[in-house]
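The chains referred to below are lettered A, B, ... by the order of the sequence lines, with proteins before strands, and numbering in each begins at 1. Note that the structure is a prediction, hence the values are computed from the model and not measured.
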2 protein chains.
Amino acid sequence: MTDKQRHSWVSIRDSIREMILNSTYGPGDKLPRDEEFAARFGCARSTVHRAMRDLAQSGLVERRRKGGTMVRRDPVTRATLDIPITRLEVEQKGSTYGYQLIRQSVQPSSPAIMANFGLPEARPMLRVEALHLADSRPYIFEDRWICLETVPEITSVDLTRESANEWLVRNRPYSRCDLRLYARPGTPSDSEILQSSPGDALFVMERTTWIGDAPITSLCAVAHPGYQLFTRG
Amino acid sequence: MTDKQRHSWVSIRDSIREMILNSTYGPGDKLPRDEEFAARFGCARSTVHRAMRDLAQSGLVERRRKGGTMVRRDPVTRATLDIPITRLEVEQKGSTYGYQLIRQSVQPSSPAIMANFGLPEARPMLRVEALHLADSRPYIFEDRWICLETVPEITSVDLTRESANEWLVRNRPYSRCDLRLYARPGTPSDSEILQSSPGDALFVMERTTWIGDAPITSLCAVAHPGYQLFTRG
DNA sequence: TACATTAATATGTAGCTACATATTATTGTC
DNA sequence: GACAATAATATGTAGCTACATATTAATGTA
């Protein structure tokens, strides 16, 4: 019963997960309190707590103060995506990275961008359209809006040499990032920029970031046909 | 200096992040040890540890035993995707969910599926092709392979009533999940099943799961035109 | 009964100690 | 100098206590 061996929170977590898996506790059931589990396993409450926190983060259980811990009724598949700087992504594949600034201008934020940020009124932004290349072939085209109130320094960056992607990622950590992924057919404009065929299916990543409540950047990145996004192993 | 107020690990984390942000510590720099930070902030090492663990998980710093903590040289945008059971996704949008089994048969795993699982030789699998509907319109088509050695019970499940997606998610937690996302043009076969136009761009999610080293399922889910995948707020 | 106040309770967090573990640095030996 | 054994060191984990916080349950009062 009261074995003295140290129990790792990982093994406790796996034990509890196993119980949920083999229906000792089913979806919607309330689990025993942490203390109860601790007594049962012969470990400290903090160890059970850590195990539970992990199970909660992975989406298997749901915890609420006083309410206790419940097995989630609707489990989710939770995956972590790593989106690196485009240059590094290209170089990691063994290709030579290239970058090309297409257009850059100060504009009031468009309605779509305001919606992304949840802004009630337009703000002055720097709009940057640029193309990332892999081995001199179009890789990702990005249409980016940068909030000038939050990132005034961007106006003094030479965006013909360094991509806004890289400068921002290195200089402006964000506290919140929204991501939207979808597919859309290539337009004639895409075909021109990405050198794709008009009928191609393009992978689109829209990304919006904030620091606190202040908007940083919102961008629409369109990848070349054949692009794939992976989760990290 | 030595203020007695309690410091939350969140505020410690934000302070350290702030320092990295304002270039007190730049990319590639080594940060002070946890104890040093603890003394500086006037808090316990465990609090700094928790803050650091969070920064490491978010991809801003990298930690190694004895090696200490370093600011990552190549920051990544890290996002968490929640992929719910398709039925719940549909219902959450206020639509009526429908499900239709198209085909089901026992087959040896195809080379593509073996590659997904990293299997050296073929194994017997149950291949299930099914269509998820929202308001009687095609929503997601899935072509799924289920490993019969790992999940023998699946043969006794009536897949005309319950989707394999739902049964597996409720009965077979996984320990590892690989995800691959991309866009591809709709084929004539897609057009028929998803009632899409031949030129449409389709969003594809490939998902492969294991329990331990044992393969569970590998599937290719093709969404209707216009489908979008979000990160959770 | 309706509603505000209070108590009870389970999880969340901060701080401490002790030890485990991985990795680097040092030292010893040939 | 090459290489193995050893020491030093920073992070990782387990266990404990005490208190914070959110939420439900119970109680009191108009």
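A donor N or O paired with an acceptor N or O is not found under 3.5 Å between the base of dG12(C) and the side-chain atoms of Arg64(A).
The distance from atom CZ of Arg123(B) to atom OG1 of Thr150(B), rounded to the nearest 0.5 Å, is 6.5 Å.
Between the CZ atom of Arg53(A) and the P atom of dA14(C) there is a distance of 10 Å, given to the nearest Å. Rounded to an integer number of Å, the gap from Arg63(B) CZ to dT9(D) C1' is 14 Å. Atom CD in Glu36(B) sits about 10 Å away from atom P in dA10(D), given to the nearest Å. Rounded to whole Å, atom P of dT11(D) lies 14 Å from atom CD of Glu62(B). If you measure from atom NZ of Lys66(A) to atom C1' of dG12(C), you get 16 Å, rounded to the nearest angstrom. In this structure, Arg65(A) places its CZ atom 7 Å from C1' of dA20(D), rounding to the nearest Å. Regarding Asp34(B), its CG atom lies at a distance of 14 Å from the P atom of dC16(C), rounded to whole Å. Taking atom CE of Met70(A) as the reference point, atom P of dA10(C) lies 16 Å away to the nearest angstrom.
When distances run from any side-chain atom of Ala44(B) to the nucleotides dA14(C), dG15(C), dG15(D), the shortest one goes to dG15(C).
Ring-plane geometry between His132(A) and Tyr99(A) is classed as tilted, the angle between the planes lying from 30 to 60 degrees on a 0 to 90 degree scale. The aromatic rings of Phe41(B) and Phe37(B) sit parallel to each other, their planes meeting at less than 30°, with 60° as the upper class boundary.
Ion pairing of Asp29(B) with Arg73(B) is absent here, as no side-chain N (NZ or NE/NH1/NH2) approaches a carboxylate O to less than 4.0 Å.
For the pair Ser46(B) and dC16(C), the criterion of a side-chain N or O lying under 4.0 Å from OP1 or OP2 is not met.
Counting non-hydrogen atoms under 4.0 angstrom, Gly68(A) reaches the backbone sugars and phosphates but no base. At a threshold of 4.0 angstrom between heavy atoms, the contacts of Thr47(A) are confined to the sugar-phosphate backbone, with no base atom among them.
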